[in-house]
Amino acid sequence: MCDTCGCNITHGNESLIRPGGKLAKTESGKEAVTVLHSLLHENDHTAQHNREHFDQHNVLAINLMSSPGAGKTALLEATIQQLDKNIRIAVIEGDLETENDAERIRKHGVKAIQIATGSACHLDAHMIHQALHNLDLSEFDIVFIENVGNLVCPASFDLGQHQNVTLLSVPEGDDKPAKYPVMFRTSDLVMISKSDLLPILDDFKVDNAKRYLQDIASTAPVIELSSKDKSGMPLWFDWINQQIETRKAYLQEHPVHHGHHHHEHSREHSHSHEHHAHAEDTLNNDS
Amino acid sequence: MHELSICQSLMAQVESIALEHRAQSVTSVVVAMGPLSGVEAQLLKNAYPIASAGTVAENAELIVKTLPIRVKCNQCGSESDATPNKLICKQCGDWRTTLVSGDELMLMSVELEKSKDPKSVH
Ligand SMILES: Nc1nc2c(ncn2[C@@H]2O[C@H](COP(=O)(O)OP(=O)(O)OP(=O)(O)O)[C@@H](O)[C@H]2O)c(=O)[nH]1
Ligand SMILES: [Mg+2]
Ligand SMILES: [Zn+2]
Ligand SMILES: [Zn+2]
Ligand SMILES: [Zn+2]
Ligand SMILES: [Zn+2]
């Protein structure tokens, strides 16, 4: 089994997963092999590897998710304009077909890497890893990843971020956490965006959204924010600063060893059930 | 649909197991998943013929087992069944719970057809 990617069976679910215990009986000439591996473990290993890249350079990585048009790019633009200029920002943009969002970011003089996802409905850890090789992480303090606008697919793919932020815009309605529990359960912060519209679209009740979040056992803080009138920005910045401090403290206690190049993974993906090498490309330009 | 890309990584795992065990073919693939995994069982099944075409597992049966959602209450400690958007404690009604089961997405086992070559016995 795999100890590094979180695809292990836990004490809690063990009895549910293996009712009868032992291997299934098999006909002669056949062999049943027990695997117990997450279907996403290759993605999850690459995500962990990305996280090491970020940690090596003391960079906070924040994954922004929402339905299409909930205001992710507008939030990034407002953040770039108002966040303390000592905090150096880069953006990785996942856009279906265009460079529009990346160009909006670049207009503010901020580095933006475009991942052309084509018809993909989510970013995955491999795409981020590719992007990281076009980004000198030593030049930045925060990398924002703008995921593909979609409340379903991105939730399943760890990218190596430290925090997930999900935007729920007022025009979408306050019941989205109940309809997309998987997405909202992965959120470390829920942002009610376009809050300037609350007085107009008054059937959106912030308290309802919070109640739906409680129903899915979410402990994520909820902030209301408008990129238009800039209300709520101080709360957002407080949260970001708190994450930076938390990372710093964590990395002081768990230092990342510098100096050695950790890109010598083997290409093959062996599955010996006790240990496994993880597949990795052999790009070599990350310092 | 992300089910196709997940199915493709499933096939990569199945193929490497078959190779490692020098199997002639794969007869069945068992996947266990919970309703909170973010993957729809039916969409995964639909993706299977596409992802497995031309592989050693193209004739294998895909068996998907659905696991129940279970939560453990952080307040009273009891465990109960739950639904995807009501993960609250059945005993005391508190919302502060921890998921025990229901978000799994796991390749459980594969059944292989072995070649007759005695050297290849595992
Ligand atoms: N009223 C109001 N409109 C907003 C706000 N933020 C964004 N918008 C508008 O919402 C629309 C979509 O905003 P974007 O920032 O492009 O949204 P997005 O989430 O990046 O969209 P995709 O990348 O296409 O998924 C634009 O017309 C914005 O002007 C806000 O705070 N208030
Ligand atoms: Mg955008
Ligand atoms: Zn693994
Ligand atoms: Zn790397
Ligand atoms: Zn999808
Ligand atoms: Zn309870």
Engineer: Looking just at side-chain N and O atoms, do T27(B) and E61(B) make a donor-acceptor pair shorter than 3.5 Å?
Structural biologist: no
Engineer: Chain A heavy atoms under 4.5 Å from S37(B): which part of the residue, side chain, backbone, both or neither?
Structural biologist: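 When you check distances to chain A, only backbone atoms of S37(B) fall under 4.5 Å.
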Engineer: Tell me, for V71(B) versus chain A, whether the close heavy atoms (under 4.5 Å) come from the side chain, the backbone, both or neither.
Structural biologist: neither
Engineer: Can you say whether L99(B) sits under 4.5 Å from chain A via the side chain, the backbone, both, or neither, judging by heavy atoms?
Structural biologist: side chain
Engineer: Does the side chain of H49(A) come under 3.5 Å of the side chain of H53(A) through a donor N or O and an acceptor N or O?
Structural biologist: yes
Engineer: How are the rings of H122(A) and H2(B) set to each other: parallel, tilted or perpendicular (split at 30° and 60°)?
Structural biologist: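 Perpendicular.
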Engineer: Let me know if Y212(A) has heavy atoms under 4.5 Å from chain B in its side chain, its backbone, both or neither.
Structural biologist: neither
Engineer: Of all residues at least two apart in sequence or in a different chain, which pass the ring pair (Phe, Tyr, Trp, His ring centres under 6.0 Å) check with W95(B)?
Structural biologist: none
Engineer: Take R96(B) and D94(B) through the test salt bridge (charged side-chain N to carboxylate O under 4.0 Å, His left out) and record every step on the way to the result.
Structural biologist: CA-CA 6 Å; R96(B) 279 156 293 193; D94(B) 205 277; 3.0 Å; yes
Engineer: With a cut-off of 3.5 Å and sequence neighbours excluded, list every side-chain donor-acceptor pair involving residues 177-185 of chain A.
Structural biologist:
from, atom 1, to, atom 2, distance (Å)
K179(A), NZ, D175(A), OD2, 3.2

Engineer: Considering residues at least two apart in sequence or located in another chain, which fulfil the side chain to side chain donor-acceptor pair (under 3.5 Å) criterion with N63(A)?
Structural biologist: N147(A), N164(A)
Engineer: Could you tell me whether K72(B) and E79(B) make a salt bridge, using a distance below 4.0 angstrom between a side-chain N and a carboxylate O?
Structural biologist: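 No.
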Engineer: Heavy atom to heavy atom, less than 4.5 Å: which residues from residues 213-221 of chain A reach chain B?
Structural biologist: Q214(A), D215(A), I216(A), A217(A), S218(A), T219(A)
